[in-house]
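First the structure, in the form of structure tokens, and then the observations on it.
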Amino acid sequence: MLNGEWITHILVALNAGSLHYNELHAAIQEMTTFDPWTGSVRKIQSRALGRTLRRMETAGLVDRVEERTFPRSVVYSLTPAGADLLVRARPLIDWAEENLDLIERLQKAPDDGDQPQDDEDQPD
């Protein structure tokens with residue numbers, strides 16, 4: 001369920017309540033000025049947001065309501081299952097936010113691959 005780039009951002013943004021698509025997009029943009037996992041500045045593209053929202057709706061995490069207005073307006077909100085998932089994922093999100101320095105250090109560390117660390121593990 002959490003295997004997706006923007007799922008936690010969407011859960012956190014919708015935690016405060018229902019949002020129109022443009023409001024949700026803006027809220028996620030504000031949250032994503034720096035991505036601690038990749039060490040880069042990232043912004044969500046509209047296409048990626050739409051794709052992720054459809055997946056989350058299919059999974060039963062997000063409700064989508066199309067308002068009968070002109071121009072067309074769509075409102076998203078968390079389902080009870082989505083709200084419960086956020087509650088359960090919150091400790092992991094908090095840990096990541098509290099350990100940004102560790103995450104940044106790990107991202108900058110050279111990738112040693114599968115090389116052994118001890119000399120005795122090396123073949124002669």
Is the shortest side-chain N to carboxylate O distance from Glu66 to Arg64 below 4.0 Å? yes

Going from [atom1] on [X] to [atom2] on [Y], what distance comes out if it is rounded to the nearest 0.5 angstrom?
X	Y	atom1	atom2	value
Met56	Leu53	CE	CG	7.0 Å
Leu61	Ile7	CG	CD1	7.5 Å
Asn22	His25	CG	NE2	8.5 Å

Nearest heavy-atom pair of [X] and [Y]: which atoms, and what distance?
X	Y	answer
Ala81	Gly60	CB-O, 3.8 Å
Val75	Glu67	CG2-OE2, 3.3 Å
Arg90	Val12	NH1-CG2, 3.8 Å

Hey, does the side chain of [X] reach the backbone of [Y] with a donor-acceptor pair shorter than 3.5 angstrom?
X	Y	value
Ser77	Ser18	no
Glu97	Asp94	no
Thr52	Ala48	yes
Gln29	Lys43	no
Thr79	Gly82	yes
Asn15	Leu11	no

Which of Ile10, Leu19, Leu14 passes side-chain contact (heavy atoms from CB on, under 4.5 Å) with Ile28? It is Ile10

Flag side-chain contact, heavy atom, 4.5 Å: Leu78 against Asp63: no

Evaluate the side-chain proximity of Val65 to Val74: yes if any heavy-atom separation is below 4.5 Å, no if none is. no

Please tell me whether Ile93 and Val62 are part of a single hydrophobic cluster in this structure, the criterion being side-chain heavy atoms less than 4.5 Å apart. yes

Verify the neighbour count for atom CD of Gln45: are there more than 12 heavy atoms of other residues, nucleotides or ligands below 6.0 Å? no

Run the side-chain contact (heavy atoms from CB on, under 4.5 Å) check on Tyr76 and Leu49 step by step: do they pass? CA-CA 12 Å; Tyr76 292 91; Leu49 177 58; over 6 Å; no

Assess the side chains of Tyr21 and Ser46: does a donor N or O sit below 3.5 Å from an acceptor N or O? yes

